[in-house]
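Below is one structure, written out as structure tokens, with a few remarks after it.
All figures in this text were calculated on a predicted structure; none of them were measured in a lab.
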Amino acid sequence: MTGSADRPAAEGTLLTRLRAPRRPRIWFEVLLIGISYWTYSLIRNAVPEQKAAALANADWIWSVERGLGIAVEHSVNHAVNSVTWLVVGMNYYYATLHFIVTIGVLVWIYRFHPGRYAATRLVLFATTGVALLGYFFFPLAPPRLMNGGHFIDTVLVHHTWGSMASGNLKHMSNQYAAMPSMHIGWSLWCGLTIFAVASAPWARILGLLYPAATLVVIVSTANHFWLDALGGMLCLAFGYTVSRTWYGALPHRLPRSPLDTAPHPATAALLNRFRR
């Protein structure tokens with residue numbers, strides 16, 4: 001009787017420890033992020049490129065936006081394309097900052113807000129994971145690949161390096177996985193994290209400007225519709241919901257420094273196995 005009574009208490013204690021913010025271990029984080037992104041890319045690119053369905057869905061999205069009166073992507077795309085220095089800058093922005101800023105924010109939270117790191121990382125992971133459902137169930141061609149859409153593929157036109165879905169790199173990425181936009185999901189995650197945690201007003205302002213600029217870039221380069229951005233926002237909302245449910249609070253409301261400095265239970269179990 002005593003053993004069965006102790007078992008739920010032990011399980012409850014383990015669950016509490018798993019949910020408790022703790023100091024992250026650099027080797028574990030690097031390994032986790034590397035494997036997770038590799039897995040995400042593998043699954044995303046393994047989704048069948050359903051060209052016919054993707055083009056049909058693009059036509060449907062475009063008709064919905066026209067009905068809502070927000071179908072201005074074509075005008076924005078052509079206007080920006082007429083300013084060479086601007087569109088070339090946007091091509092490089094699209095290709096690089098998506099990764100650089102996201103990794104930078106992860107490193108910043110890891111270094112200066114370790115107690116909030118795991119919860120913040122979980123938001124990003126859950127957001128990215130649920131996006132795979134969109135790629136599988138709703139293949140979507142970006143505006144630049146629409147039939148008769150007359151959008152400009154700015155990377156091809158200006159011969160700039162910048163898109164895994166254009167030019168010589170197009171076979172390395174699923175071109176029909178535009179919904180939801182993870183450029184928006186990740187950039188908004190970065191912006192909200194900076195805004196919620198940073199103390200300097202200028203940093204908080206820059207945090208909010210980053211996803212706004214990203215929205216302009218993905219539309220100007222004809223890589224996404226406005227509604228793709230909405231899909232990215234919904235994925236991010238799901239990510240925050242998962243993190244708040246697991247940790248009991250939004251990431252920025254957790255302690256800046258973890259009270260428990262012992263190894264994470266999963267890490268401790270792995271270390272004990274190696275010691276045997």
Side-chain angles (χ1 to χ4, degrees), residues 37-38 40-42 44-59 61-62 65 70-105 128 131 134-135 139-188 190-191 206 209-229 231-232:
Y37 184 73
W38 175 80
Y40 163 77
S41 299
L42 185 67
R44 181 180 187 271
N45 296 334
V47 172
E49 291 195 359
Q50 304 173 59
K51 183 177 180 180
L55 292 172
N57 287 336
D59 290 337
I61 288 284
W62 190 231
E65 290 195 352
I70 61 173
V72 298
E73 290 94 333
H74 185 274
S75 299
V76 173
N77 174 233
H78 281 256
V80 172
N81 185 70
S82 65
V83 185
T84 302
W85 65 266
L86 179 59
V87 71
V88 169
M90 287 187 173
N91 286 341
Y92 288 122
Y93 180 113
Y94 183 87
T96 59
L97 293 192
H98 179 54
F99 300 101
I100 293 173
V101 177
T102 302
I103 293 173
V105 171
T128 306
Y135 303 147
L140 180 67
R144 59 186 174 76
L145 293 182
M146 286 181 66
N147 291 326
H150 305 293
F151 284 91
I152 299 170
D153 189 329
T154 59
V155 171
L156 290 180
V157 169
H158 296 278
H159 307 288
T160 52
W161 175 86
S163 175
M164 291 296 289
S166 294
N168 295 329
L169 299 177
K170 65 183 180 181
H171 299 297
M172 298 175 62
S173 178
N174 186 348
Q175 297 190 77
Y176 303 109
M179 171 66 85
S181 168
M182 280 298 95
H183 271 76
I184 291 301
W186 288 16
S187 66
L188 189 57
C190 292
L206 285 178
L209 288 177
Y210 174 54
T214 300
L215 178 60
V216 174
V217 166
I218 66 172
V219 171
S220 299
T221 56
N223 279 293
H224 288 284
F225 296 100
W226 296 120
L227 291 182
D228 299 346

For Thr102 and Cys190 the tightest heavy-atom approach is CA-SG, 3.6 Å
The reported gap from CG in Leu97 to CD1 in Ile103 (rounded to nearest 0.5 angstrom) is 11.5 Å
Mind checking the CG-CG spacing from Leu55 to Leu145? Nearest 0.5 Å is all I need.
7.5 Å
For Tyr37, enumerate each residue passing the side-chain contact (heavy atoms from CB on, under 4.5 Å) test, keeping only those at least two apart in sequence or located in another chain.
Tyr40, Ser41, Phe99, Trp186
Residue pair Ala178 / Asn223: nearest heavy atoms and the distance that separates them
CB-O, 4.3 Å
Side-chain contact, heavy-atom cut-off 4.5 Å: Thr221 with Val155?
no
Not counting sequence neighbours, which residues clear ring-ring contact (aromatic ring centres under 6.0 Å, His included) with Tyr93? List them please.
none
Kindly say whether His150 contributes a backbone atom to a donor-acceptor pair with the side chain of His78 at under 3.5 angstrom?
yes
Closest contact, heavy atoms only, Val80 versus Val87
O-CB, 3.6 Å
Do Val216 and Met90 come close enough that some side-chain heavy atom pair is under 4.5 Å?
yes
Hits for side-chain contact (heavy atoms from CB on, under 4.5 Å) against Ala53, two or more places apart or cross-chain, chain-then-number order -> Gln50, Pro139
Reported CE-to-CD1 distance for the pair Met179 and Ile61, which is rounded to 0.5 angstrom
4.5 Å
Any non-hydrogen side-chain atom of Trp226 less than 4.5 Å from a side-chain atom of Val72?
yes
Hits for side-chain contact (heavy atoms from CB on, under 4.5 Å) against Val88, two or more places apart or cross-chain, chain-then-number order -> Thr84, Tyr92, His158, Thr160
Go through the structure and list residues passing side chain to side chain donor-acceptor pair (under 3.5 Å) with Ser220, not counting sequence neighbours.
none
Between Ala222 and Pro143, the two heavy atoms sitting closest are O-CD, 3.4 Å
Would you say Asp228 and Ile218 make side-chain contact, with heavy atoms under 4.5 Å?
no
What pairs with Asn77 under side chain to side chain donor-acceptor pair (under 3.5 Å), at least two apart in sequence or on another chain?
none
Ala141 versus Phe225, closest heavy-atom pair with distance:
O-CE1, 3.6 Å
Residues that Ala177 engages under side-chain contact (heavy atoms from CB on, under 4.5 Å), provided they are two or more places apart
Arg44, Tyr135, Asn174
His183: ring-ring contact (aromatic ring centres under 6.0 Å, His included) partners, not counting sequence neighbours
Tyr94, His98
Side chains of Pro180 and Met182, heavy atoms from C-beta outward: is any pair under 4.5 Å?
yes
What is the distance from atom CD of Gln175 to atom NZ of Lys51, rounded to the nearest 0.5 Å?
9.0 Å
